[in-house]
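Reading through the structure tokens given below for one structure.
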Amino acid sequence: MARPMSETQTLYAAFAARIGAALAALEEEAVLPAGTPRDAVSVEPPRDPSHGDLATNAAMVLAKAAGTNPRALAERIVEKLAGAPLVESAAIAGPGFINLRLVPATWLAELRAIAALGPDYGRSPIGAGRTVNVEYVSANPTGPMHMGHCRGAVVGDALAALLEFAGHRVIREYYVNDAGGQVDVLAESAYLRYAEALGTDIGEIPPGLYPGEYLVPIGQALAAEYGDRYLDAPADEWRPLFRKRTVAAMMELIKADLALLGIHHDVFSSEAELQAAGKPAHAEAWLREHGLVYDGHLEAPKGKEVEDWEPVELPLFRSTRFGDDQDRPIRKSDGSWTYFGADLAYHMQKAESADELIDVWGADHAGTVKRIKAAVAALSEGQGRTIPFDVKLVQMVQLLRGGEPVKMSKRAGTFVTLADVVREVGKDVVRFTMLTRKPEAQMDFDFAKVVEASKDNPVFYVQYAHARISSTLRKAAAEGIAPADEALDRLGAEELALVALAAQFPREVEAAARAREPHRIAFYLYDLAAAFHAFWNMGNDDPAKRIILTQDAQLTAARLFLAARIGQVIRNGLAILGVEAVEEL
RNA sequence: GCGCCCGUAGCUCAGCAGGAUAGAGCAUCGGAUUCCUAAUCCGGGGGUCACAGGUUCGAAUCCUGUCGGGCGCACCA
């Protein structure tokens, strides 16, 4: 046990392993029952730095299993840890915390580990061997992306990157809702533009159709390709073609918008193709076999008057068996599939190639979470394997400009497009800002504030820290000094404190990945940037604390080495968020 | 009426698997600029973690209820 740390082993991983070894030893001595689960054992920095460098709650969470009290068990664990390499002292505190004080060389080893791992520093194996399907965006293919889609897009994309960094294989997926009635409306709208392109005066776009200008080029393209062939033809003749062509064009628009945000999906699944392949019918048959679909009557909606309510018999999925409030229809009275019916089959399809599913939805779809969770639960049960399934609900974003709400009307076609916003404030600002709040909390997005270049704005604050590091390295290079790790032992307490914070990056990644919360990375980076800015400013008060000391090349090289590693961690974190680490501002 | 989310400093929000004395920014007050980028930093004041119960060695965190705000509640998507 207690192997010395290797070049590339990170601190928290090393000590988690060491404590595990100590616990295993105690199992052999029968102090702990064999096979005691250790999931709740954590290794973390103590709240108060004066307590030491690392703390573990092992004694507290395992005391019950050991049949003793936390402090007594802590003593047994401390015996095993006290003599370990790099440990200066191990003490029991409070209700049974074990505080470890480490020799300073520990931090220097971590610095070298960051250097050795580079862009891989912080990667975790917790997801190894697991494939996660993350479905996000899935905006209807009826027009360009608007700001209502933005937050889910960014959160989903960052979540996918985070899970990948934490070792999962990730499938980024987009569900194209190209089968519903709205797509007919879209086709009709495009048909109008087609007629317009051929010289017909179409006047005002009738209410209910899509009025957006973005359909004009589609109409022109269709006119150029087909001439007036469909101008006086019955709708049945052109509708399927116009649907297909317009949806395809809309998806190109959407993909271009997503590209502006740096988002690229691996898989686009078409609802229409899903239906054409008979997947929903197959799902229905399977569910009927398992007694989970039956023909029954839908209850009238509660708390809401429906004038022409008539009970009809429909095929219902027994979602109440899995916690839903009502059984849900999978087909309409005309026999076509409901959105849910197709979505249910879609989730079955996704589960074929993934161990785990995550959907990122807007909060306006909160009402349908239970039924789709019920569907996946039914699938899990029927297949006899657990399919973990999470729906991340992303709350609304209120758009402001200098404190005033930005007026939007979908009907009038005056929504704020994602492309406009990215053009105005930039990709990095949009992405980072969307991640500075937990997704389930509502947020404001103020155009005036997010472009502010001050510490009030976390994007700039973090990028500024990185730019400062870059410029320092440039300046040092110009003076002929390169970062080097030969004299790291000359680094002082302030420098080691900075390393201690950087060393937490791997566990932040793991915690964020486990919680499926990429915003934690953004907050961590803010803290790390703050620590670096504070460190930097010590050089303003005391010139001896500057990074570049022309009269001491050796110490300068060591400090540059430190600064470069902090920069590396910032880069790795920003990479998860999909934000550029700039070299200068 | 029902379901989901939220409620933490004057404002905007963090709070990491239930852990030690609840944190940051803004605002406010007082300081640092012959400087490697002051686009930054240091310090002061500011809290009944909405409220009431419960679970336990320990709750901002978990459970129940109440109040307040948001979203949703069609065979729509």
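Below, chains carry the letters A, B, ... as their sequence lines are ordered, and counting in each starts from 1. Quick caveat, the model's predicted, so the values are computed rather than measured.
Comparing B:C41, B:A14, B:G15 by their closest approach to the side chain of A:Ala534 singles out B:C41. When distances are taken from the side chain of A:Gln395 to each of B:C5, B:C41, B:A17, the shortest belongs to B:C5. Checking B:A77, B:A74, B:C36 against the side-chain heavy atoms of A:Arg371 singles out B:A77 as nearest. Of the candidate nucleotides B:C75, B:A77, B:U37, B:A77 has the atom nearest to the side chain of A:Gln182. You'll find that the side chain of A:Glu440 is closest to B:C6, out of B:C6, B:U40, B:C75. Out of B:A14, B:G25, B:C76, the shortest distance to the side chain of A:Tyr526 is found at B:G25. Picking from B:A77, B:G70, B:U37 the nucleotide with the shortest atom distance to the side chain of A:Gln442 gives B:G70. Between B:C75, B:A14, B:A38, one nucleotide has an atom nearer to the side chain of A:Leu298 than all others, and that is B:C75. Of the candidates B:C41, B:C36, B:A38, the closest approach to any side-chain atom of A:Arg468 belongs to B:A38. Distances were taken from every side-chain heavy atom of A:Tyr339 (C-beta onward) to each of B:A17, B:A38, B:A77; the shortest belongs to B:A77.
Using cut-offs of 30° and 60° for the angle between ring planes, the A:Phe317 and A:Phe322 rings count as parallel. Between A:Phe523 and A:His519, the two ring planes are perpendicular [angle over 60°; tilted spans 30° to 60°]. Classified by interplanar angle (parallel below 30°, tilted 30° to 60°, perpendicular above 60°), the ring pair A:Phe445/A:Phe447 is perpendicular. Ring-plane geometry between A:Tyr346 and A:Tyr175 is classed as parallel, the angle between the planes falling under 30 degrees on a 0 to 90 degree scale with a further cut at 60.
Across the strands present, B:U40 finds its partner in B:A32; the criterion is a Watson-Crick or G-U wobble pair with both atom distances under 3.5 angstrom. When both distances must be under 3.5 Å, the Watson-Crick or G-U wobble mate of B:G25 is B:C11. With a 3.5 Å ceiling on both atom-pair distances, the Watson-Crick or G-U wobble partner of B:G68 is B:C6. A 3.5 Å limit on both hydrogen-bonding distances identifies B:C73 as the Watson-Crick or G-U partner of B:G1. Nucleotide B:G53 is matched to B:C63 when pairs are restricted to Watson-Crick or G-U wobble geometry with both distances under 3.5 angstrom. Here B:G45 sits opposite no nucleotide as a Watson-Crick or G-U wobble pair (both hydrogen-bonding atom distances under 3.5 Å).
Geometric assessment of A:Arg507 against the ring of A:Tyr12 yields a positive cation-pi assignment under the 6.0 Å and 45° thresholds.
Taking atom P in both B:A59 and B:G54, one finds a spacing of 12 Å when rounded to whole Å. Taking atom P in both B:C41 and B:A27, the straight-line distance is 13 Å, to the nearest Å. Atom P of B:C4 sits at a distance of 9 Å from the matching atom of B:U64, rounded to the whole Å. Comparing the C1' positions of B:C49 and B:U21 gives a spacing of 15 Å, expressed to the nearest Å. Using atom C1' as the reference point in both B:A60 and B:A52, the two lie 16 Å apart (nearest Å). Separating the P atom of B:C63 from that of B:A77 is a span of 35 Å, rounded to the nearest Å. As rounded to the nearest Å, B:A24 and B:G15 have C1' atoms that lie 10 Å from one another. B:C16 and B:U55: their P atoms are spaced 24 Å apart (whole Å).
Using a 4.0 Å heavy-atom cutoff across all strands shown, A:Thr368 reaches at least one base atom of the nucleic acid. Using a 4.0 Å heavy-atom cutoff across all strands shown, A:Ala93 reaches at least one base atom of the nucleic acid. Using a 4.0 Å heavy-atom criterion, one finds that A:Ala467 contacts the bases of the nucleic acid, with or without backbone contacts as well. Looking at heavy-atom distances under 4.0 Å, A:Pro329 makes contact with sugar-phosphate atoms alone, never a base. Among the atoms of the strands shown, only primed sugar atoms or phosphate atoms (P, OP1, OP2) are found under 4.0 Å from some heavy atom of A:Gly180. Residue A:Asp48 is in base contact, counting any heavy-atom pair closer than 4.0 Å across all strands shown. If you check every strand for non-hydrogen atoms under 4.0 Å, A:Gln504 touches nothing. A:Gly362 comes within 4.0 angstrom of no nucleic acid atom, judged by non-hydrogen atoms across all strands. Residue contacts for A:Gly367: at a heavy-atom cut-off of 4.0 Å it reaches the sugar-phosphate backbone alone, with no base atom in range.
Of the candidates A:Lys350, A:Lys392, A:His365, A:Asp359 forms a side chain to side chain donor-acceptor pair (under 3.5 Å) with just one, namely A:Lys350.
Using modelled atom types, one finds no donor on one side chain facing an acceptor on the other under 3.5 Å when comparing A:Gln182 with A:Thr142.
Residue A:His519 places at least one side-chain N or O closer than 4.0 Å to OP1 or OP2 of B:G15. Between A:Lys475 and B:C35 there is no side-chain N or O to OP1 or OP2 distance below 4.0 Å. Between A:Tyr461 and B:C41 there is a side-chain polar atom (N or O) within less than 4.0 angstrom of OP1 or OP2. Contact annotation: A:Arg437 reaches the phosphate of B:C13 (side-chain N/O to OP1 or OP2, under 4.0 Å). Taking 4.0 angstrom as the limit, A:Trp361 places none of its side-chain polar atoms (N or O) nearer than this to OP1 or OP2 of B:C4. Phosphate contact (OP1/OP2 of B:U37, side-chain N/O of A:Ser471, threshold under 4.0 Å): present. For A:Lys438 and B:G7, the shortest distance from a side-chain N or O to OP1 or OP2 is below 4.0 Å.
In this model, a side-chain donor or acceptor of A:Ser333 finds a partner on the base of B:C75 within 3.5 Å. For a distance-only test at 3.5 Å, the side chain of A:Asn537 qualifies as a donor-acceptor partner of the base of B:U40.
An aromatic stack links A:His365 and the base of B:A77, using centre distance under 5.5 Å and interplanar angle under 30°.
Annotation: A:Glu44, atom CD; neighbour count of heavy atoms from other residues, nucleotides and ligands within 6.0 Å is above 12.
Summarising the geometry, the separation between CG on A:Leu501 and C1' on B:C16 is reported as 13 Å, rounded to the nearest angstrom. Atom C1' of nucleotide B:A77 and atom CG of A:Asp178 are separated by 12 Å, given to the nearest angstrom.
Of all non-hydrogen atoms in A:Gly96 and A:Ala59, the two that sit nearest each other are O-CB, 3.7 Å.
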